[in-house]
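The structure under discussion appears below in the form of structure tokens.
Reckoned from all heavy atoms, side chains included, excluding hydrogens, waters and symmetry mates.
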Amino acid sequence: MFLCAVGAGVTSLFRTPWIAAVAAMSTGTFVQLEPLNYRDGARVEPADSCGTEKAFEPATGRVIATLQCSGEKEVSLAVKNAKAAFKVWSKKSGMERCEVLLEAARMIKEQKDAIATMETINNGKSIFEARLDVDTSWQCLEYYAGLAASMAGEHVQLPGGSFGYTRREPLGVCVGIGAWNYPFQIACWKSAPALACGNAMIFKPSPFTPVSALLLAEIYTKAGVPPGLFNVVQGGAATGQFLCQHPDVAKVSFTGSVPTGVKIMEMSAKGIKPVTLELGGKSPLIIFSDCDLENAVKGALLANFLSQGQVCCNGTRVFVQQEIVDKFTEEVVKQTKKIKIGDPLLEDTRMGPLINGPHLERVCGFIKLAKEQGATVLYGGEQYVPTDPKLKFGYYMTPCILTNCSDGMTCVREEIFGPVMSILSFETEAEVLERANDTTFGLAAGIFTRDIQRAHRVAAELQAGTCYINNYNVSPVELPFGGYKKSGFGRENGRVTLEYYSQLKTVYVEMGNVESPFESQ
Ligand SMILES: NC(=O)C1=CN([C@@H]2O[C@H](COP(=O)(O)OP(=O)(O)OC[C@H]3O[C@@H](n4cnc5c(N)ncnc54)[C@H](O)[C@@H]3O)[C@@H](O)[C@H]2O)C=CC1
């Protein structure tokens, strides 16, 4: 009931006491009572609904919000508001858009602790990680603010003094649909380039994590975007479908699972709408015997255990060269045992709970199956109950290391989306490349070696949208991120993403007379 008491019904992020209160909040206290949709510059209850969903605090298993899933009418109102805002925003110069985005970035930075706390409460990731996510979020806004003013076309000289030029123009109303593992960051990674290019956006968070996108919406409004430019519509699959099928939506950018990605693409195909798909993965991490072992072990932990392993680009197939596999395994187990699991709002926690009960069961099911198929659990893989009584109903598990794995096992082939590392040994470079690429996914890959030529040779052969050499899971906003194969297409971050949120117009300019085969004799 906290928000009711503090905000007296009209809680706003911009009331300083509220920010301080949220940043100082402890696990087990937060309840969201305000409307969770955001339209025309304000929080609103949806005009109609197609059911309700409950959002949890994974650390305690408490319900923190019950959301109304937006119906067709609410979606249409959001599109209408976004269209009106687009008319204003798309006329602004790049520098004008830059100023607003920079102000929004500044506000995110200023409110980092409050946003990270909210993210931790709703998602379960450690506060330590949530703060890093907020950093990459404001950095993304700053980056695209900087690019907004440099968007330009070409001038092309043609015969007879005529010429042509190109204009890079926004698409219109874009829809962003997010997953639950990086709720605030995904909202920023989609909206920053969209807004920088002059578009409006309607964002639909995952119903598991509805809360933090609202903070972004409030910040955009306060920073000066026109009302309706960034709207939040809550709901699940049905709401997502209303958004994708709306005739006035120009583009859909989706982050989520492959099966949902297929549906999004089908709907977009019917409307001839461009689509960006950031889907799942089962990425390989290849550790050669000449690596710096300490770094490789750190890299393997980063590749598997951030956000409780619920990361799309995780390197969960850890291929280790035969000569060092025992030493590597011993060291990885030693370091994994040290990971502190517990209340995600405590400063020294490094692993919080998984997103919800069914997902925890699903991840544990993969481990059970791995054992049945012959893998050995070297460490972890069990449900965990922290000693603090308020965490008793949270969704915790110990990080898991599997050995004796083979390429055909389910744990090696399918995305688990939990803290489960499978160790596989290999002998030669050619062999490991073939095995690493033997997957329908292609999101990321990693290589640890001191041999610079091998590093680049292997990176060139790996079928993945991102290859990390001697590190893993670092995502600077300057670098494009996206998949090969069934991990999707289109990119987020980097300069190239401007192309995915804009369209090119060619203008031909005649400087002479019209030559026509139809002119009268
Ligand atoms: N490549 C990337 O950048 C990332 C990919 N992921 C992938 O996301 C998955 C986990 O996220 P989930 O939220 O469980 O995925 P999901 O596919 O179940 O849901 C993703 C979003 O799509 C919406 N949705 C579901 N059905 C829909 C439909 N028929 N039409 C329109 N929208 C619909 C959901 O409400 C949610 O907002 C994993 O497979 C993971 O690999 C997650 C994060 C990043």
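- In Lys485, the NZ atom is crowded: over 12 heavy atoms of neighbouring residues, nucleotides or ligands sit closer than 6.0 Å.
- Here Lys80 contributes atom NZ and Asp40 contributes atom CG; the two are 9.0 Å apart, rounded to the nearest 0.5 Å.
- Checked by atom type, the side-chain pair Glu492/Thr497 shows no donor-acceptor distance below 3.5 Å.
- Between Lys263 and Glu266 there is no salt bridge, since no side-chain nitrogen of the basic residue lies less than 4.0 Å from a carboxylate oxygen of the acidic one.
- Taking the ring centre of Tyr501 as origin, the terminal cationic atom of Lys251 falls inside the region bounded by 6.0 Å and 45° from the ring axis.
- Distance check: Arg350 CZ to Leu306 CG gives 11.0 Å after rounding to the nearest 0.5 Å.
- Counting only residues at least two apart or on different chains, the side-chain hydrogen bond (donor to acceptor under 3.5 Å, both in side chains) pairs with a member in residues 164-177 are Arg167-Glu169, Arg168-Ser502, Glu169-Lys505.
- For Ser307 and Lys125, the side-chain atoms include at least one donor-acceptor pair closer than 3.5 Å.
- Using a 4.5 Å heavy-atom threshold, the side chains of Leu301 and Tyr472 count as separate.
- More than 12 heavy-atom neighbours from other residues, nucleotides or ligands sit within 6.0 angstrom of CD on Gln241.
- Within a 6.0 Å sphere centred on CD of Gln157, other residues, nucleotides and ligands contribute more than 12 heavy atoms.
- The local environment of CD in Glu434 is sparse, with at most 12 non-hydrogen atoms from other residues, nucleotides or ligands closer than 6.0 Å.
- Looking only at side-chain heavy atoms (C-beta outward), Arg97 and Leu195 stay at 4.5 Å or farther from each other.
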Practice task
Take Tyr143 and Trp189 through the test ring-ring contact (aromatic ring centres under 6.0 Å, His included) and record every step on the way to the result.
Solution key: CA-CA 11 Å; Tyr143 178 73; Trp189 283 17; over 10 Å; no

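- Comment: Arg131 does not engage Glu119 in a salt bridge, judged by the lack of any side-chain N to carboxylate O separation of less than 4.0 angstrom.
- Between the side chains of Lys486 and Thr439, not a single donor N or O lies within less than 3.5 Å of an accepting N or O.
- Judged purely by distance below 3.5 Å, without hydrogens or angles, the side chains of Thr449 and Asp290 pair a donor atom with an acceptor atom.
- Ring pair Phe203/Phe230 is parallel by interplanar angle, where below 30° counts as parallel and above 60° as perpendicular.
- No cation-pi contact links Lys204 to Phe254, judged by a cut-off of 6.0 Å to the six-membered ring centre and 45° from its axis.
- Residues Glu510 and Tyr508 bring a donor and an acceptor atom of their side chains to less than 3.5 Å of each other.
- Residues Gln185 and Thr136 bring a donor and an acceptor atom of their side chains to less than 3.5 Å of each other.
- Expressed to the nearest 0.5 Å, how far CD of Gln68 lies from OG of Ser49 amounts to 4.5 Å.
- The number of heavy atoms from other shown groups lying within 6.0 Å of CD (Glu72) does not exceed 12.
- Lys282 has no carboxylate O lying under 4.0 Å from a charged side-chain N of Asp438, or vice versa, which leaves the two without a salt bridge.
- Gln310 places a side-chain N or O within 3.5 Å of a backbone atom of Ile355 that can act as its donor or acceptor partner.
- Using modelled atom types, one finds no donor on one side chain facing an acceptor on the other under 3.5 Å when comparing Thr239 with Gln234.
- Atom SG of Cys197 sits about 9.5 Å away from atom CD of Glu499, to the nearest 0.5 Å.
- For Lys190 and Thr255, the side-chain atoms include at least one donor-acceptor pair closer than 3.5 Å.
- In summary, the side chains of Thr117 and Thr120 do not present any donor paired with an acceptor at a separation below 3.5 Å, with no hydrogens or angles considered.
- Of the possible polar contacts, none joining the Arg39 side chain to the Val232 backbone as a donor-acceptor pair under 3.5 Å is found.
- Around atom NZ of Lys109, more than 12 heavy atoms belonging to other residues, nucleotides or ligands sit under 6.0 Å away.
- Each of Glu74, Arg43, Glu45 was scored for a side-chain hydrogen bond (donor to acceptor under 3.5 Å, both in side chains) with Asn37, with one residue passing: Glu74.
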Exercise for the section: Quick one: do Asn314 and Asn473 satisfy side-chain hydrogen bond (donor to acceptor under 3.5 Å, both in side chains)? Show the steps, please. Expected result: CA-CA 7 Å; Asn314 269 1; Asn473 268 344; 2.9 Å; yes

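- Using a 4.5 Å heavy-atom cutoff, the side chains of Met265 and Val262 are not in contact.
- A heavy-atom distance below 4.5 Å is not found between the side chains of Tyr38 and Val233.
- We find that Arg495 and Glu478 are not joined by a salt bridge, their nearest charged nitrogen and carboxylate oxygen being 4.0 Å or further apart.
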